[in-house]
Amino acid sequence: MRCVAFLTGLAASLCLSPAGSAQAQSSDYTTLTSPESVQNWHLTLGGGLRYTPDYSGSNDYVFRPRAIVNLARGTKSTWWSSEDDAISIGFFSGKAWRAGFSGNLLWERKASTNRALIGMPDVKFGAELGGFVEFYPTSWLRGRVDLRRGVITHDALVAEFKIDAFQKIGAWTIGAGPRMSVVGADYVRTYFGGNYAGRGGLLQRYNAGINSIGAIAQVTYNWSEKLQTTAYLEYKHLVGDATRSPIVKPFGSRDSLTVGISASYAFDLGFK
């Protein structure tokens, strides 16, 4: 709970930053996100390493690599980018908004690798494909919604809702905000269901709904307009039908922390 309080406090401090700071950014921000401002397309590529639960609801932590892919007009500093964002390609943009492709790779999971997964079906390697929309009510606040559908791994819709408050301080940028995910029934069955009986000897039934809530905080150092490194901390709390799964209770946990670092570079593609 201390982690939640820290993240909430950081987000609040950003949101309550002096109006003068926001105004100082506003002109630059408006220019960068305006469709009248012609900018070259930039491809941002990078990678990172995160220390995260082996699977959702697990008590065991592992190191796992992460790829960063983002295509948009202007450098990465034009749009706020969070470390938990999916692979994004912003095909459309206007003044203070953009939209495009959203994709996410899903790791395979085998019951043979962990005794807590006995009785659970194996999860295949797959992906989630869909789109995103993000908008900027002010120069220091971003709202983003992703909607994706599972491919191979599961056959459900997954929606992610994010709000981020951020502030530049010299070469540093700090940001934080809350998170919520809503998933379809097949997602819950795939990751939290199994061939086991619940009360009365009946198989558990899982429904669509809110799957998790949480928050993220990150700090970025901009070595140049195109090169940056980031460290971040993410908290997630499982809710809904997922909490009734045996891999969460009694063998796992509803609460998890992810710590990670990353580096990325924005390449100018040379065309508008």
Side-chain angles (χ1 to χ4, degrees), residues 3-4 47-68 82-87 102-130 146 148-162 179-198 203-216 232-262:
C3 174
V4 180
L49 186 66
R50 58 176 58 176
Y51 188 59
T52 186
D54 189 14
Y55 52 86
S56 186
S58 174
N59 265 336
D60 299 323
Y61 281 71
V62 297
F63 286 99
R64 189 157 285 163
R66 169 179 175 260
I68 298 174
S82 176
E83 287 297 304
D84 64 340
D85 284 349
I87 296 173
S102 173
N104 193 26
L105 296 178
L106 303 175
W107 295 86
E108 68 175 359
R109 189 187 73 186
K110 295 184 178 181
S112 59
T113 62
N114 194 313
R115 70 179 185 88
L117 296 174
I118 295 176
M120 303 294 291
D122 289 342
V123 177
K124 299 178 180 179
F125 179 84
E128 291 171 351
L129 304 177
D146 289 67
R148 301 186 298 269
R149 187 178 184 86
V151 178
I152 301 177
T153 304
H154 64 83
D155 185 26
L157 290 175
V158 174
E160 295 177 342
F161 302 89
K162 305 175 182 179
R179 300 290 188 263
M180 182 176 72
S181 68
V182 179
V183 301
D186 193 64
Y187 180 97
V188 185
R189 278 193 296 270
T190 299
Y191 286 100
F192 302 99
N195 300 319
Y196 63 94
L203 290 177
Q204 295 278 12
R205 178 178 179 180
Y206 295 96
N207 302 301
I210 299 175
N211 182 65
S212 69
I213 56 176
I216 190 172
Y232 62 99
L233 174 67
E234 179 184 4
Y235 168 76
K236 183 178 291 185
H237 177 74
L238 292 174
V239 298
D241 285 356
T243 61
R244 299 191 285 115
S245 171
I247 68 171
V248 178
K249 181 181 181 180
F251 298 110
S253 174
R254 298 174 63 178
D255 300 290
S256 66
L257 288 174
T258 295
V259 180
I261 56 175
S262 71

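Predicted model only: the values in this text are computed from it and were never measured. The chain is numbered in sequence order, starting from 1.
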Chemist: Considering residues at least two apart in sequence or located in another chain, which fulfil the side-chain contact (heavy atoms from CB on, under 4.5 Å) criterion with Lys110?
Modeler: Glu108, Ser112, Thr113, Asp122
Chemist: If the plane angle is over 60° it's perpendicular, under 30° parallel, otherwise tilted; pick one for Tyr187 and Phe192.
Modeler: tilted
Chemist: Tell me, which pairs form a salt bridge (charged side-chain N to carboxylate O under 4.0 Å, His left out) where one or both residues lie in residues 148-162, sequence neighbours left out?
Modeler: Asp84-Lys162, Asp85-Lys162, Glu128-Arg148, Asp146-Arg148, Arg148-Glu160, Arg149-Asp155, Glu160-Lys162
Chemist: For a quick test of reading the model, state the closest non-hydrogen atom pair linking Gly47 to Ile68 and the distance between them.
Modeler: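 So the two residues come closest at N-CD1, 4.1 Å.
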Chemist: Would you give the length of the straight line joining atom CG of Leu233 to atom CZ of Arg50, rounded to the nearest 0.5 angstrom?
Modeler: 12.0 Å
Chemist: Mind checking the CD1-CG spacing from Ile213 to Leu238? Nearest 0.5 Å is all I need.
Modeler: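 Ile213 CD1 to Leu238 CG: 10.0 Å, rounded to 0.5 Å.
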Chemist: Could you tell me which residues satisfy salt bridge (Lys or Arg N to Asp or Glu O under 4.0 Å) with Arg254, sequence neighbours excluded, listed by chain and number?
Modeler: none
Chemist: If I take atom NZ from residue Lys124 and atom OG1 from residue Thr190, how far apart are they, to the nearest 0.5 angstrom?
Modeler: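 Lys124 atom NZ to Thr190 atom OG1 measures 10.5 Å (nearest 0.5 Å).
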Chemist: Test of understanding: with side-chain hydrogen bond (donor to acceptor under 3.5 Å, both in side chains), list the residues that count as partners of Ser256, not counting sequence neighbours.
Modeler: none
Chemist: So which heavy atom on Asn59 is nearest to which on Ser253, and how close?
Modeler: OD1-CB, 3.2 Å
Chemist: When you look at Ile247 and Arg109, which way does the side chain to side chain contact (heavy atoms under 4.5 Å, CB included) test go after all the steps?
Modeler: CA-CA 13 Å; Ile247 68 171; Arg109 189 187 73 186; 3.9 Å; yes
Chemist: Mind checking side-chain hydrogen bond (donor to acceptor under 3.5 Å, both in side chains) for Ser181 and listing every partner two or more places apart, or none if nothing turns up?
Modeler: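 Checked Ser181 against side-chain hydrogen bond (donor to acceptor under 3.5 Å, both in side chains); matches are Ser212.
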Chemist: Starting from the C-alpha separation in whole Å, work towards a yes-or-no answer on side-chain hydrogen bond (donor to acceptor under 3.5 Å, both in side chains) for Ser82 and Arg179.
Modeler: CA-CA 11 Å; Ser82 176; Arg179 300 290 188 263; 3.0 Å; yes
Chemist: Can you see which heavy atom on Ser58 is nearest to which on Pro53, and at what distance?
Modeler: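 So the minimum-distance heavy-atom pair works out to O-CB, 3.9 Å.
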Chemist: Which heavy atom of Leu49 sits nearest a heavy atom of Pro65, and at what distance?
Modeler: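 Shortest heavy-atom contact: CD1-N, 4.1 Å.
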Chemist: CZ of Phe251 to CG of Asp60: how many Å apart, nearest 0.5 Å?
Modeler: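 Phe251 atom CZ to Asp60 atom CG measures 12.0 Å (nearest 0.5 Å).
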Chemist: Please give me the minimum heavy-atom distance between Gly184 and Ala208, naming the atom from each residue.
Modeler: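 Of all heavy-atom pairs spanning Gly184 and Ala208, the closest is CA-CB, 3.8 Å.
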Chemist: Is the side chain of Arg244 donor-acceptor paired with the backbone N or O of Lys249 at a distance under 3.5 Å, no angle test?
Modeler: no
Chemist: If you measure from CG on Asp241 to CD1 on Ile210, what distance do you get to the nearest 0.5 Å?
Modeler: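 Those atoms lie 11.5 Å apart.
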Chemist: If the condition is side-chain hydrogen bond (donor to acceptor under 3.5 Å, both in side chains), which residues does Ser262 pass it with, not counting sequence neighbours?
Modeler: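 Scan of Ser262 (side-chain hydrogen bond (donor to acceptor under 3.5 Å, both in side chains), adjacent residues dropped) gives Glu83.
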Chemist: Determine whether Asn207 and Val188 make a side-chain contact, defined as any pair of heavy atoms from C-beta on separated by less than 4.5 Å.
Modeler: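 No; the side chains remain at least 4.5 Å from each other.
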Chemist: Report the distance from atom OG1 of Thr258 to atom OH of Tyr232, rounding to the nearest 0.5 Å.
Modeler: 7.0 Å
Chemist: How are the rings of Tyr191 and His154 set relative to one another: parallel (under 30°), tilted (30 to 60°) or perpendicular (over 60°)?
Modeler: perpendicular
Chemist: At their closest point, which heavy atom of Phe161 faces which heavy atom of Val182, and how far apart are they?
Modeler: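 Minimum heavy-atom separation between Phe161 and Val182: CE1-CG2, 3.9 Å.
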